[in-house]
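Some notes on the structure that comes next.
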Amino acid sequence: MLQNVRILSVLFALFPAIAWSEWEVNMTRGVTDTSAAVFDLHMIVFYICVAISVVVFGVMFWSIYHHRKSKGAESHPFHESTSIEILWTIVPTIILIIILVPATKTLVESYDTSESDMDIQVTGYQWKWRYKYIGQDVDFFSVMTTPSDEIYNKADKNPNYLLEVDNPLVVPINKKIRFLFTSNDVIHAWWVPALALKKDAIPGFINESFTKINKPGIYRGQCAELCGKDHGFMPIVIKAVPEEEYIAWLDERKSLKEKEASASQKDWTMEELMAKGEQVYNKSCSACHQPTGVGLPPVFPALKGSAIALGPMDDHLDIVFNGKSGTGMSGFGEQLSAVDLAAVVTYERNAWGNNVGDILLPADVEKMKGGK
Amino acid sequence: MTTQVADVEHGHENGHGPATGITRWLFTTNHKDIGTMYLIFSLVMLFIGGSMAFVIRAELFQPGLQLVEPAFFNQMITMHGLIMVFGAVMPAFVGLANWMIPMMIGAPDMALPRLNNLSFWILPFAFTMMMSTLFMDGGGPNFGWTFYAPLSTTYAPPSTTFFILAIHMMGASSIMGAINVVVTIVNMRAPGMTYMKMPMFCWTWLITAFLLIAVMPVLAGVVTMMLMDIHFGTSFFDAGGGGDPVLFQHVFWFFGHPEVYIMILPSFGVVSEVIPTFARKKLFGYHSMVYAIVAIAVLSFVVWAHHMFTVGMPLAGEIFFMYTTMLIAVPTGVKIFNWVSTMFRGSMTFETPMLYAIAFVILFTIGGLSGIMLALAPVDFVYHDTYFVVAHFHYVLVPGAIFGIFAAVYYWLPKWSGKMYDESLAKFHFWVSFIGLNLTFFPMHFVGLAGMPRRIPDYPLQFADFNMIVSIGAFMFGTSQLIFVYVLIKTLRSGEKAPQRPWEGAEGLEWTVPSPAPYHTFATPPKVD
Ligand SMILES: [Cu+2]
């Protein structure tokens, strides 16, 4: 089998477009005790299924070969046998019970809700993830960074195509982590194959799951529940590191926050805000409102020429800051820093032919943040 | 050929032929005409749904976005699913039921002929409305054929209201069709045709009809709740108003799981007719076959949440649904063993219907086995919503439902049309379909296990090779259905005349009437002993 796969892959390597990819045909064993147990269970059941098919198909092909009319086979009249029928009701039942024993055991283990070492809240948003380290004052968004040029085949695709994010989830190894899943809009599903962990993130409800990673490394996954247009573009990246490294990272994250705060006190010019705003816009807003501000009406409105983008500053900031519930427009007040918010609002008022001419200062946004 | 005489007797005595022109089809109450319309409708839908699969596979041929935008891609996967389920598979089965059930039980027509006409004619309007949403502002339904809330309510495109109405119409049509089947089978069996003498196809359809009557109203309920949430300010599925998005999934799958058996049971029936014919041997274990279908149908009501292992159910819930799901494997296994034993020590020939029936048994078994894997909750945490699931349900639906339908069409076409199809061309159709199908759906198991989520328009690079193979297989499978159309046309135009009983081993009342079956059959009921 593997041999054939190799030969095939050599053949296909002739196609330049696909030469880089590897042949993966099975589930990963993963890096947690649960994922190993799940993998073993998967293999056991797989072999049992193979054995069943060998028997069933064996008898079938044997009959097809020997009991064909062209070979002079005559049909035998038997068409009922209570004992045989009882037998093949009971035997499968026994096989199923044999499978169910380890399955139930693994399931019960994965529901082990004993005390965890740390808790992380994972929130799905239309097309990004938010990670909040409970009790740590660390809270950030994780957005895919694959450039649209790679997606639209204008540039070569890098090896982590569609599986790369700006801020990976950093966690320590050998610690029992409790994840709390929820969503801000539609249902998403947080899935990392190496942890054998997939859980739905449901708006208004909280689901929990546990994991304990045994090996340092970078593990990648994707959203698994159709959640709208960019469902295929909200990857998950986990960096599992030794504990010291994790603590150092936490400290760095916290100092970043202070830097941001001081940046908002600085005097920003229109040019600076516009440049910054363009970056923020392309990262956080263009998926819906489109890079040129024309949106995808009727669901995602245009900002170019929009009454709100051209109207009073307060209304404009309000919708960006607080969002509008029941629509794709989530509040960005907590997602973005004061500088980013000020920049993106300024940008929207003055880009693509919008020319209100005014600017929003980070210090003003900071006041609004403080007021919350 | 001795029964030829009998037909003259009960065939045409008070008979009038079909009306002429378009009114024949618009106003017909004849089960054969209506059956034909259902089958043609289903074929058209198969091609429309299939061309959407073409769009999907063309986009997935290589990584990157080449042909369509993600927003449109989502509409394609949604429409592909809805059209195949409600437009291709279900109407084809109703078409077969219309043609065959009266002839198999010795009845002159369906019990409720006007209802029959209505239930067909609703469909073209329902599907026209549903497909027209693709051209509306904001596009058509883009939330998958399972339309989970709140993606399908709060976050849905405006056209969703039309989608809801279309689902209501399809549901009404299915319920009427199902009532008709039940009433026909219960009341119109020929004297002597007891339940336990009924052909297997009628049995499977009787059970299917009860399933339909039970669950289509549930589907209607869930879309009505959506409608209320969207337009009338309720919050069934909105946590913000005290509702629960997971409630949607429970209600949907309470419909959805029996629905998958609705799409497979009539195929079980067809295969149970075809295999004995070409093995020249009675069906093994008729009684256990009947009990198995009843068991499957009953169990299908208590397994729904195996589609929802990752929504965060309590442990007891996971265990309950895991066990009940595994339990379904037992009656399903019994059916497979019985088919194999029917072949065992038979005297087999391999005409096209038999090829389809054998492929059905093999490939359905593969789909069933991957179903056992999926039933295991802890492993399903990994399989769920990946291509492994896509592989699984296409293995049970395409070689299951669709191959069952092909087997039925080739098997009964001589009876319907009075002409024989071209055997070598039909075998060619079979082999190209068979290879294309496996090329399409088998590698999906691999990409799924390796970690490819379903319903994505673009994928990471490690899935590229298999996706290319899958797409090539899909183009092959799709194109091969043109051969099917050609076989049909050729049969109707220049097929050789078919005898009354074209298959040596065939038994059953339908083979006691001439080919083609006269417009009215069994005006006086035959006597069954
Ligand atoms: Cu998502």
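Numbered from 1 within each chain, the chains take letters A, B, ... in sequence-line order. Atoms considered below: every heavy atom in the structure, side chains included; atoms not considered: hydrogens, waters and symmetry mates.
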Evaluation steps, side chain to side chain contact (heavy atoms under 4.5 Å, CB included), between A/Ile84 and B/Phe337: CA-CA 10 Å; A/Ile84 292 187; B/Phe337 301 142; over 6 Å; no
Segment of [X] engaging chain A (4.5 angstrom heavy-atom cut-off):
| X | result |
| --- | --- |
| B/Ala292 | neither |
| B/Asn142 | backbone |
| B/Asp244 | both |
| B/Ser370 | neither |
| B/Ala149 | backbone |
| B/Leu315 | both |
| B/Gln249 | side chain |
| B/Pro457 | side chain |
| B/His445 | neither |
| B/Pro331 | neither |

Whether B/Phe284 and A/Phe78 hold their rings parallel, tilted or perpendicular, with breakpoints at 30° and 60°: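 Taking A/Phe78 first and then B/Phe284, their aromatic rings stand perpendicular (interplane angle over 60°).
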[Y] and [X], any side-chain heavy atoms less than 4.5 Å apart:
| X | Y | answer |
| --- | --- | --- |
| A/Asn153 | B/Gln62 | no |
| A/Leu100 | B/Met326 | yes |
| B/Tyr383 | A/His42 | yes |
| A/Arg220 | B/Pro460 | no |
| A/Trp88 | B/Ile336 | no |
| B/Phe143 | A/Val186 | no |
| A/Val38 | B/Phe381 | no |

Of the listed residues ([options]), which shares the most heavy-atom pairs with chain B below a 4.5 Å separation?
| options | result |
| --- | --- |
| A/Cys49, A/Pro92, A/Gly232 | A/Cys49 |
| A/Leu162, A/Leu163, A/Leu107 | A/Leu107 |
| A/Glu150, A/Glu208, A/Arg68 | A/Arg68 |
| A/Asn160, A/Ile48, A/Ile187 | A/Ile187 |
| A/Phe46, A/Trp62, A/Tyr161 | A/Tyr161 |
| A/His76, A/Glu74, A/His66 | A/His76 |

Derivation and outcome, side chain to side chain contact (heavy atoms under 4.5 Å, CB included), residues A/Gln126 and B/Leu151: CA-CA 10 Å; A/Gln126 273 183 324; B/Leu151 187 61; 4.2 Å; yes
Find the distance between [atom1] ([X]) and [atom2] ([Y]) and round it off to the nearest 0.5 Å.
| X | Y | atom1 | atom2 | value |
| --- | --- | --- | --- | --- |
| A/Tyr152 | B/Asp458 | OH | CG | 9.5 Å |
| B/Asp385 | A/Glu225 | CG | CD | 4.5 Å |
| A/His67 | B/Arg345 | NE2 | CZ | 6.5 Å |
| A/Leu197 | B/Thr310 | CG | OG1 | 10.5 Å |
| A/Asp200 | B/Tyr148 | CG | OH | 8.0 Å |
| B/Asn338 | A/Glu85 | CG | CD | 5.5 Å |

Measure [X] against the heavy atoms of chain B and call it side chain, backbone, both or neither at under 4.5 Å.
| X | value |
| --- | --- |
| A/Tyr65 | neither |
| A/Asp230 | side chain |
| A/Ile202 | side chain |
| A/Ser81 | both |
| A/Val108 | both |
| A/Thr89 | both |
| A/Ala196 | both |

Mark yes or no for whether [X], through its side chain, and [Y], through its backbone, hold a donor-acceptor pair below 3.5 Å.
| X | Y | result |
| --- | --- | --- |
| B/Asp137 | A/Pro297 | no |
| A/Ser63 | B/Met343 | no |
| A/Lys198 | B/His384 | yes |

Trace of the side chain to side chain contact (heavy atoms under 4.5 Å, CB included) decision for A/Ile64 with B/Phe350: CA-CA 9 Å; A/Ile64 289 178; B/Phe350 302 94; 3.5 Å; yes
What's the shortest heavy-atom distance between [X] and [Y], and which atoms?
| X | Y | answer |
| --- | --- | --- |
| A/Trp191 | B/Val382 | CZ2-O, 3.7 Å |
| A/Pro203 | B/Ala239 | O-CB, 3.5 Å |
| B/Leu369 | A/Ser53 | CD1-OG, 3.6 Å |
| B/Gly312 | A/Lys199 | CA-CE, 3.9 Å |
| B/Asn74 | A/Gly228 | ND2-O, 3.1 Å |

Side-chain donor-acceptor pair present, B/Glu318, A/Tyr111, cut-off under 3.5 Å: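 Indeed, the side chains of B/Glu318 and A/Tyr111 share at least one donor-acceptor pair under 3.5 Å.
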Distance under 6.0 Å and angle within 45° of ring axis: A/Lys69 vs B/Phe278: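 Judged by the rule (NZ or CZ under 6.0 Å from the ring centre, within 45° of its axis), A/Lys69 is not positioned above B/Phe278.
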Steps toward side chain to side chain contact (heavy atoms under 4.5 Å, CB included) verdict (B/Leu283, A/His79): CA-CA 6 Å; B/Leu283 181 68; A/His79 62 86; over 6 Å; no
CZ/A/Phe205: more than 12 non-hydrogen atoms of other groups inside 6.0 Å: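 Atom CZ in A/Phe205 is packed in, count exceeds 12.
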More than 12 heavy atoms of other groups within 6.0 Å of A/Glu164 CD: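 Yes, enclosed.
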